[in-house]
A.B. asks: 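Once you've had a glance at the structure underneath, I'll fire off some questions.
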There are 2 protein chains.
Amino acid sequence: MTSHMTGGAMIIDIHGHYTTEPPALQHFRDQQLAGLADPRRRPASTDLGISDDELKESVAPQLKLQTERGSDLTLFSPRASGMGHHIGTEEVGRQWCRVCNDLIHRVATLLPESFVGVGQLPQVPGVSPKNCIEELERCVYALGFVGVNLNPDPTGGYWTDPPLTDRYWYPIYEKLCDLDVPAMIHVTSSCNPNFHFTGAHYIAADTTAFMQLVEGDLFKDFPTLKFVIPHGGGAVPFHWGRYRGLAQAMGKPLLTEHVLGNVFFDTCVYHLPGIELMAKVIPVDNILFASEMLGAVKGVDPETGHNFDDTKRFVDQLAELSDSERYKIFEGNARRVYARLDALLTARGHPGRAA
Amino acid sequence: MTSHMTGGAMIIDIHGHYTTEPPALQHFRDQQLAGLADPRRRPASTDLGISDDELKESVAPQLKLQTERGSDLTLFSPRASGMGHHIGTEEVGRQWCRVCNDLIHRVATLLPESFVGVGQLPQVPGVSPKNCIEELERCVYALGFVGVNLNPDPTGGYWTDPPLTDRYWYPIYEKLCDLDVPAMIHVTSSCNPNFHFTGAHYIAADTTAFMQLVEGDLFKDFPTLKFVIPHGGGAVPFHWGRYRGLAQAMGKPLLTEHVLGNVFFDTCVYHLPGIELMAKVIPVDNILFASEMLGAVKGVDPETGHNFDDTKRFVDQLAELSDSERYKIFEGNARRVYARLDALLTARGHPGRAA
């Protein structure tokens, strides 16, 4: 593992999805969904027939960018928009989830220096998240994953399940705490024409989830539960004054006490002024480096000549960060939030810095 | 009219709601909604029995803050969370809308130096916005209003009506263009427990509406239509790189050409770093001063000792603004976007500055 020495840190990108999957995966999904209408079209097997070489080749573009941009390790999960919890039956969703997670496991096993797995859960609208415990345990124990993505709106944009603070969700939180595994709060695609997936649904969901946590008292019941809110926390840092004010008006403790012991934000914000704002208002202990490459926002920013999702450049430009703060954003916070990642890296001979 | 001389501008707050209404208004609403269950409880009359003195007294707290904080004029509309388009029947909604607008008209007539009216529309989930044209015309012609609030989600958080770019909305856009009246895109309360109204629904809706406009080509069909997206545009300025990148990936023109001729943001962002970011990424021509006082976020920020919603302080602290830019944010842009406001002020002997 090459350790790019930005603040002496290993550069851990905590938010990457497998968006360059071999075509066989999408073909399998087509067969699955075709099978809903015509059972004869169901896939004959969950063996996708993808060779190790094909897998390695499929992530070559990702690895090339990691090298070029200077990140060492990506926490890698199935394509977020592909989770599609609102599509098909529970049985089909469960099979799909296993197939996607297995593929991540294979990539992480083939290229352990570059990828560590994060899982998808077989959530179903209106079905208790209890149904995810088996797959969560499999992710951690059998596949060696260090986190999971938890969808706060399995309906894909209609929001008819209860808020994250409802006891409905408690079974999965209990298991997350038992396993010491954090959840990234991440919706999937939207089947609601009001919500463009990456431009509206993702960002609105991040904002909504945060406000649910402000309004509730979930972390009194689960003091060790950890959530990562991606895409810079949606609108939250931009409206930090609003959230501080609303919490105060509701008689809640300061947000630092009320939620920031448990809630973390990634740096998937695709311009420097956004990252600068985030670093100004969110405590450095709550910021985890991430880019969500490849795919969330593709292309080169004509204003900078660099890719929109090359977020490391933005963090590198935060001149006011001390070496120790830079270490936290790039490595230390990831190891603290993803305890199993820390254990894994330590076991591989890469201990973290003493706090 | 006292002109507080910040950049020599009249300070126009384009986003204020009547949140200190006399109790008789809420009593009327109670009777209306009780009447849905028991027709005998319907209000006997739409005459609320509120005297002019009571009205003046009810806005005294608002006027006091306007004076203290140095704003001259507020574009004043009915309480946003009170619109409740998802509540009751179309008939009840229409009556409620007229009563609320009439009250705004009375306040603006009693205190014309301090308030200019903006209307509520009798939107109903699943009902064509054509049904709002009559009230829109009444607002402009009979009540002298200079704008209206348009709810992009009349369902109150379930988002089952079409996106703003759908032809479903075209009849109301045609009338807005005919009348040269802008619409503020503003949701009402949420009946979905996932969405706290001011902390999630408002901000998510702002973000969602903007992305709908990026994804569509509405302003090709309505080149003179003007939308104000409140609360600083939701998450948009914070994720300006994401929106520029998504537009580019969709093959749209630059956002400046694609939407910023028609879309404007207010300054209802309740901390300095947020306003600083906004001024950095959003062209000054698209920023309109506003505070949404009283009520959106109450209380004093312990970090500054000033009220969260005293947004003028933040704009005043933007040292890099030229005098002419400051004039635009406080007055010039409001007069450009709200053409009828400009005409009204000019007729009263307060012409705007030449561009």
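Numbered from 1 within each chain, the chains take letters A, B, ... in sequence-line order.
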A.B. asks: Chain A: which of R244(B), K298(B), M278(B), M211(B) shares the most heavy-atom pairs with it under 4.5 Å?
C.D. replies: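 Result: the option with the highest number of such pairs is R244(B).
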A.B. asks: Output the distance between atom OH (Y202(A)) and atom OG1 (T207(B)), rounded to the nearest 0.5 Å.
C.D. replies: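 Output value for this atom pair is 16.0 Å.
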A.B. asks: Side chain, backbone, both or neither: which part of P162(A) has a heavy atom under 4.5 Å from chain B?
C.D. replies: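 The backbone, not the side chain.
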A.B. asks: Answer yes or no: is there a side-chain heavy-atom contact under 4.5 Å between I203(A) and R242(B)?
C.D. replies: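 Contact flag for I203(A)/R242(B) side chains = yes.
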A.B. asks: Looking only at non-hydrogen atoms, find the nearest pair between F238(B) and G274(A) and report the distance.
C.D. replies: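 Smallest heavy-atom distance, with atoms named: CE1-O, 3.1 Å.
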A.B. asks: Under 3.5 Å, is there a donor-acceptor pair between the side chain of Y270(B) and the main chain of G245(A)?
C.D. replies: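 No; judged by distance alone, with no hydrogens or angles, the pair does not exist.
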A.B. asks: Is chain B contacted by the side chain of H201(A), its backbone, both, or neither, given a heavy-atom distance below 4.5 Å?
C.D. replies: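 Contact with chain B involves no heavy atom of H201(A) at all.
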A.B. asks: Under a 4.5 Å cutoff for heavy-atom pairs, which residue among A235(A), P273(A), G199(A), A209(A) has the most contacts with chain B?
C.D. replies: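 Answer, by heavy-atom pair count under 4.5 Å with chain B: G199(A).
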A.B. asks: Under a 4.5 Å cutoff for heavy-atom pairs, which residue among P152(A), A204(A), G234(A) has the most contacts with chain B?
C.D. replies: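 Ranked by heavy-atom pairs under 4.5 Å with chain B, first place is G234(A).
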A.B. asks: Examine distances only and state if a side-chain atom of D301(B) and a backbone atom of G241(A) form a donor-acceptor pair shorter than 3.5 Å.
C.D. replies: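 It does not hold such a pair.
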A.B. asks: With a 4.5 angstrom heavy-atom cut-off, which part of D153(A) approaches chain B: side chain, backbone, both or neither?
C.D. replies: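 Neither part, no heavy atoms under 4.5 Å.
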A.B. asks: Test M250(B) against H196(A) for side-chain contact (heavy atoms from CB on, under 4.5 Å), laying out the working first.
C.D. replies: CA-CA 12 Å; M250(B) 288 172 172; H196(A) 181 275; 3.1 Å; yes
A.B. asks: Relative to chain B, which segment of T198(A) carries a heavy atom at a distance below 4.5 Å: side chain, backbone, both, or neither?
C.D. replies: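 For T198(A), the contact with chain B is made by backbone and side chain together.
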A.B. asks: Check whether any side-chain heavy atom of E276(A) sits under 4.5 Å from a side-chain heavy atom of K280(B), and report yes or no.
C.D. replies: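 A side-chain contact exists here, since the closest heavy-atom pair is under 4.5 Å.
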A.B. asks: Determine the option with the most heavy-atom pairs under 4.5 angstrom with chain B, choosing from G299(A), P237(A), A296(A).
C.D. replies: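 Among the listed options, the one with the most contacts to chain B is P237(A).
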A.B. asks: Can you say whether D161(B) sits under 4.5 Å from chain A via the side chain, the backbone, both, or neither, judging by heavy atoms?
C.D. replies: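 Just its backbone gets close to chain A.
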A.B. asks: Could you have a look at N194(A), V297(A), T304(A) and say which one has the most heavy-atom pairs with chain B under 4.5 angstrom?
C.D. replies: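 Most heavy-atom pairs within the cutoff with chain B belong to N194(A).
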A.B. asks: Any side-chain to backbone donor/acceptor pair from Q248(B) onto V300(A)? Under 3.5 Å, distance only.
C.D. replies: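 Here the side-chain-to-backbone pair exists.
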A.B. asks: F308(B) versus L246(A): any side-chain heavy-atom pair under 4.5 Å?
C.D. replies: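 Not in contact.
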A.B. asks: Are P193(A) and Q212(B) packed together at the side-chain level, in the sense that at least one heavy-atom pair is separated by less than 4.5 angstrom?
C.D. replies: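 No; the side chains remain at least 4.5 Å from each other.
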A.B. asks: Any chance you could lay out the side-chain contact (heavy atoms from CB on, under 4.5 Å) test for T160(B) and Y158(A), step after step, and finish with the verdict?
C.D. replies: CA-CA 8 Å; T160(B) 52; Y158(A) 288 100; 4.0 Å; yes
A.B. asks: How long is the span from the CG atom in N192(B) to the CH2 atom in W159(A), to the nearest 0.5 Å?
C.D. replies: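 Those atoms lie 8.5 Å apart.
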A.B. asks: Which of the residues A200(B), P163(B), C268(B), G232(B) is involved in the greatest number of heavy-atom pairs with chain A at under 4.5 angstrom?
C.D. replies: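 Maximum pair count with chain A is reached by P163(B).
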A.B. asks: Is V214(A) close to chain B through its backbone or its side chain, or both, or neither, when contacts mean heavy atoms under 4.5 Å?
C.D. replies: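 Nothing of V214(A), per the 4.5 Å heavy-atom cut-off to chain B.
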A.B. asks: Nearest 0.5 angstrom please: W240(A) CH2 to E303(B) CD, how far?
C.D. replies: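 Nearest 0.5 Å value for the CH2-CD distance: 9.5 Å.
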A.B. asks: Calculate, to the nearest 0.5 Å, the distance between atoms CD1 and CG belonging to I275(A) and L277(B) respectively.
C.D. replies: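 The CG atom of L277(B) is 11.0 Å from CD1 of I275(A), to the nearest 0.5 Å.
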